[in-house]
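Comments concern the structure below.
So you know, we letter chains A, B, ... as the sequences are listed, proteins then strands, and number each from 1.
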Number of protein chains: 2
Amino acid sequence: MTRSEENYIKTIFHLGGSDSVPIATNAIAEQMETKPSSVTDMAKKLAEKGLVHYKKYQGVSLTDIGVKTALSIIRKHRLWEVFLVKKLDFSWDEVHEVAEQLEHIKSEKLIDKIDELLDFPKFDPHGDPIPSKDGKFMIRDKQLLSDVPIHTDGVCVGVKDTSPTFLKFLDKNNIALGNTIRILDKEEFDQSLHIQMDGKELHISHQIASNLYVKLND
Amino acid sequence: MTRSEENYIKTIFHLGGSDSVPIATNAIAEQMETKPSSVTDMAKKLAEKGLVHYKKYQGVSLTDIGVKTALSIIRKHRLWEVFLVKKLDFSWDEVHEVAEQLEHIKSEKLIDKIDELLDFPKFDPHGDPIPSKDGKFMIRDKQLLSDVPIHTDGVCVGVKDTSPTFLKFLDKNNIALGNTIRILDKEEFDQSLHIQMDGKELHISHQIASNLYVKLND
DNA sequence: AATTAAATTTAGACAAAACTAAAAATTTGT
DNA sequence: ACAAATTTTTAGTTTTGTCTAAATTTAATT
């Protein structure tokens, strides 16, 4: 597998092509900041190798082998992210770019040892699940903060937007994964929320709330 | 810098092209298991970029910038080797292949943090010096065991041959860096040595002795 | 010094991965 | 249902790094 092939497989997975829902050439091109014609070329190549289903004009979806491959790459990406944060004191807005490179290192032993060093983490620094060696991963029941009814209690467990801008904003406001959260009130006119997070009170916009995942207390 | 460019720079350095001693096209090709014509192409490109001196038919040597670049790559390679051995329990015969990949990861912060995590090691698992951030490195006065006079005491500080075969052989015979060594006797007819290493007595061939570096006790 | 041998470079080709521009298929709108 | 708009594919180029085969330069030998 070349680096480029791996990036295509990963992108198709993220766009939902794992459930044999075919993904449009255009969508892949846009996501990867490339041209549709390049996607067509690669689709043929990956189909040839048995990694994707592809019929002309019908879009692309991953085969079982394709899904396994995608999960293996995502596993590597997310484990490296945890490594960077936990062992090298990177902040969560710095890890993506480096992990994009590290995920392509070819060594089964390396990633298994990293996994072990980190004590087999189940989630990455943004709250996304880390697939195990055999491709299984936890699906945590979580909801967008913006979808949660008023006066609810929960824990912040993930972010939807993982852009450095958003993550740095959260840092600045002391919003971090693991924080307890209570929704005090919601403004009607702009959907902004008054919340209590780890004691302190905060007022956050709908934009923010709709990019934060919480797990409700049971 | 592409990966390929980096590999050429590194190879030229290792062949001695750092002291503006020009290296033959053929020598580079052989070392890299490629063809001389490919080397010529790359030599032009690297000269264009100011990384090497190159005149037709006259061989290639590194410029100051080329040397700096080479040292930076070697620094990364050797730090990753230490990381693999010290933090992930790789054995010294397994690290080269993986480090060959890791050395091309582009992130200044990453390698500096790895350096810090390892407590700024000065030598890699094979006893080779690790250049600092600014390109300086220790030159330890060491000699090949085969060149050392009889009845001398020293410490094993490095290997010349770093092939897995040789390294595994050393493991099997409990020969490791840091071991104290004393030369008891030398057989005239085959230059083989009777040595004492960490207590135990050993009989080793000239082949072995000429690939082990020792530092003599002062 | 001339000739042979060896090393090096040139020229032309190829594969991978991308692109542009044009053609073809599909989807949409009325 | 049919024309228009959109999406997708094809065909032909480009770039990077490699190769082979032929030509050229340098080195070695007699």
Query raised in the report: What pair of heavy atoms forms the shortest contact from B/Ala43 to B/Val52, and how long is it?
Result: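 Distance-wise, the nearest heavy atoms are O-CG2, 3.8 Å.
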
Query raised in the report: What are the two closest heavy atoms between B/Ser192 and B/Ser205, and how far apart are they?
Result: CB-CA, 4.0 Å

Requested in this report: For A/Arg3 and for B/Thr40, find the nucleotide of DNA chain C with the closest heavy atom, then tell me which residue's nucleotide is more 5'.
Outcome: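 Per heavy-atom nearest nucleotide, the more 5' residue is B/Thr40.
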
Query raised in the report: Can you list every pair that meets ring pair (Phe, Tyr, Trp, His ring centres under 6.0 Å) and has a residue in residues 94-130 of chain A, with sequence neighbours left out?
Result: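 Sorted result for residues 94-130 of chain A: A/His77-A/His96.
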
Report task. Sorted by first residue and then second, give each ring pair (Phe, Tyr, Trp, His ring centres under 6.0 Å) pair with at least one member in residues 31-60 of chain A; sequence neighbours left out. Result -> none

**Report entry** Contact list for residues 91-103 of chain A, test salt bridge (charged side-chain N to carboxylate O under 4.0 Å, His left out), sequence neighbours left out
**Finding:** A/Lys10-A/Glu100, A/Lys10-A/Glu103, A/Glu94-B/Lys109

Between protein and nucleotides 1-4 of chain C, what N or O pairs are separated by less than 3.5 Å?
none

Can you measure [X] atom [atom1] to [N] atom [atom2] for me and round it to whole angstrom units?
X	N	atom1	atom2	answer
B/Glu5	D/dT16	CD	P	9 Å
B/Asn7	D/dT16	CG	P	17 Å
A/Asp41	C/dA16	CG	P	12 Å
A/Tyr8	C/dA16	OH	C1'	11 Å
A/Met42	C/dC19	CE	P	11 Å

Report summary line: B/Thr162 meets the side-chain hydrogen bond (donor to acceptor under 3.5 Å, both in side chains) criterion, sequence neighbours left out, with none

Query raised in the report: With sequence neighbours excluded, what pairs up with A/Thr63 under the side-chain hydrogen bond (donor to acceptor under 3.5 Å, both in side chains) test?
Result: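 A/Thr63 satisfies side-chain hydrogen bond (donor to acceptor under 3.5 Å, both in side chains) with no other residue.
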
Measure all distances between protein nitrogen or oxygen atoms and nitrogen or oxygen atoms of nucleotides 20-26 of chain D, and list the pairs falling under 3.5 Å.
residue: D/dT20; atom: O4; partner: B/Ser37; partner atom: OG; Å: 3.1
residue: D/dT25; atom: O4'; partner: B/Tyr57; partner atom: OH; Å: 3.3

Report task. Please identify each residue that fulfils salt bridge (Lys or Arg N to Asp or Glu O under 4.0 Å) with A/Glu108, with sequence neighbours left out. Result -> A/Lys133

Query raised in the report: Which ones in residues 24-34 of chain A lie close to DNA chain D, meaning a heavy atom under 4.0 Å from one of its atoms?
Result: A/Ala24, A/Thr25, A/Asn26

Query raised in the report: Partners of B/Gln58 by side-chain contact (heavy atoms from CB on, under 4.5 Å), sequence neighbours excluded?
Result: B/Lys55

Report task. Please identify each residue that fulfils ring pair (Phe, Tyr, Trp, His ring centres under 6.0 Å) with B/Phe169, with sequence neighbours left out. Result -> none

Report summary line: With sequence neighbours left out, the residues meeting ring pair (Phe, Tyr, Trp, His ring centres under 6.0 Å) with B/Phe83 are A/Phe83, B/Trp80

